[in-house]
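Report on the structure given below.
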Amino acid sequence: MHYHTPASFEDAIKIAAKATGITRFLAGGTDVLVQLRADMVTPDTLIDIKHIDGVHDITRTSDGGWTIGVAVTGAEMTEHPELAGDWPGLVEAMDLVGSTQIQGRATLTGNLCNGSPAADSVPAMVAAGASVSVRGPDGTREVAVEDIPTGPGRTSLAQDEVVTAVNIPARVAGGGDAYLRFIPRTEMDIAVVGCGINLVLDGDTITQARVVLGAVAPTVLLDQACGDAIIGTTLDAAALERLAKAASAACNPITDKRGTIEFRTKVAGVLAQRAAKIAYGRAQAGGAS
Amino acid sequence: MSKIHVTTSVNGDAVEFLCDPRETLLDVLRDRLGLTGAKEGCGTGDCGACTITLDGRVVCSCLVLGAEAEGREVGTIEGIANGEELHPLQRKFIEHAALQCGICTPGILVATKALLEKNPDPTETEVRYWLAGNLCRCTGYDKIIRAVMDTAAELRSESKELS
Ligand SMILES: Cc1cc2nc3c(=O)[nH]c(=O)nc-3n(C[C@H](O)[C@H](O)[C@H](O)COP(=O)(O)OP(=O)(O)OC[C@H]3O[C@@H](n4cnc5c(N)ncnc54)[C@H](O)[C@@H]3O)c2cc1C
């Protein structure tokens, strides 16, 4: 295995383009090194992106959004009061990843590019309308987060493409987000179902809703029918009922040791209702609570 | 395979070593530097027995490459006591019998010390969540939590006396 520490993204993609065999980028290593040690994936080339300028920064953009560097850890996000104030659901989702020790290393980009359907931060990023900047030999393109995963362990990134930043939009007035997951214990487990929701209200009426489900299909699901079930409502009982039905209908899960198809389908509806209530409360309070 | 030359700092001392690119920082500490306080439990980041600090952050050294330590500051259990004088946490762990076999203890002490530096007055719930990534199969955790709460109280009253 060759270990590289490029000082720029340009150098990183040059190394990746020339590499033969298996290539991995190394952010926090909490997936890469687990897979390496378990002899599941032994990279021939490992490209550590943590020495590139700016990758550790959380920056407010001129339009009020956020740029999160690809080496920013979960702990650093939680310790950033303005980011957590704008996007509490996103920050809480990332904070659910692993223990204190994992939080000291794990990144949003690694969580996304590892391609797990149960990745906790991904539904929250999609709900927020986040995108990633992807750099390849022909330049940089911006890709919606939901267009990165293509199946368990697979992404739409080419071998010589690297994510250079995560872009989070500005929090608009009357907006609020939330992420909840179901796990059989209170800490240190992988989502059986996850649900991220981002709402915008006009007065008490929902005008925009992005409802995203995790761990119930091969990739994260941004479901329009779930959003439509609550848009134009004040999240009354009937709207919540429709939301739960739509969320359960969107599911295409598997049965595994963590839950059956039936259980996941039912829990998706319950979690969508609970996450919607939290997002709605936050939107009423003006963004964060 | 060619080895990587790494210059780093461990418990405040400048250290150099050569390591294989695949070698974890845990293996470097134990096998090359003779610092056997950090233990290998699961080797997959679940148990926390290998907990160290990297630039002050609590991490599992089994999920860090030795090569990644270049230019960073590594803190291990060996750096916690002041010579023969135990750190208050170590003293309280003995007093409260917060350990039996001792395999998890170095990791728990390193993690807890970082918590108390960040938050000198944690609630019991905060301590339990902070230590959720440190497994102990002997104590049932209650004695550990009591030792941590008691140390935190002692450190707070000491810092009050000083100010
Ligand atoms: C004990 C433990 C508990 C965990 N608990 C959870 C949990 O509760 N929820 C959860 O979702 N996950 C969990 N995980 C999985 C893991 O911690 C997360 O997926 C984490 O966010 C991965 O981030 P990383 O920076 O460590 O990624 P890395 O391991 O460094 O990389 C992961 C993947 O992303 C790719 N990659 C990294 N950076 C880039 C880039 N800039 N451009 C392109 N590709 C890139 C790598 O090539 C690799 O394929 C857990 C892991 C452990 C060990």
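All chains are named by letter (A, B, ...) in the order of the sequence lines, taking the proteins before the strands, and each is independently numbered beginning at 1.
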Exercise. A:L33 versus B:E68: any side-chain heavy-atom pair under 4.5 Å?
Worked result: yes
For this session: Against chain A, label B:A114 side chain, backbone, both or neither, depending on which of its atoms sit under 4.5 Å from a heavy atom there.
Result: neither
For this session: Considering only heavy atoms, give the residues of residues 36-57 of chain B separated from chain A by less than 4.5 Å, sorted numerically, with 'none' for an empty result.
Result: B:E40, B:G43, B:T44, B:G45, B:D46, B:G48, B:T51, B:L54, B:R57
For this session: Assess whether atom NZ of B:K143 is packed by more than 12 heavy atoms of other residues, nucleotides or ligands within 6.0 Å.
Result: no
For this session: With a 4.5 Å cut-off on heavy-atom pairs, point out which of B:V58, B:T24, B:I4 contacts chain A the most.
Result: B:V58
For this session: May I ask you to check whether over 12 heavy atoms, not counting those of A:E10, lie within 6.0 Å of atom CD?
Result: no
Problem set entry | Within 6.0 Å of CD in B:E78, more than 12 heavy atoms from elsewhere | yes
Problem set entry | Flag if over 12 foreign heavy atoms under 6.0 Å of NE2, B:H87 | yes
For this session: Kindly compute the distance separating NE2 (A:H51) from CD (B:E70), expressed to the nearest 0.5 Å.
Result: 7.5 Å
For this session: Determine whether more than 12 heavy atoms belonging to other residues, nucleotides or ligands lie under 6.0 Å from atom CZ of A:R258.
Result: yes
Exercise. Below 4.5 Å, heavy atoms only, C-beta onward: do B:L65 and A:L26 meet side chain to side chain?
Worked result: yes
Exercise. If you check every heavy atom in residues 99-110 of chain A against those of chain B, which residues fall under 4.5 Å?
Worked result: A:S99, A:T100, A:Q101, A:I102, A:G104, A:R105
Exercise. Would you say the side chain of B:R22 lies within less than 4.5 Å of the side chain of A:T42, judging by non-hydrogen atoms?
Worked result: yes
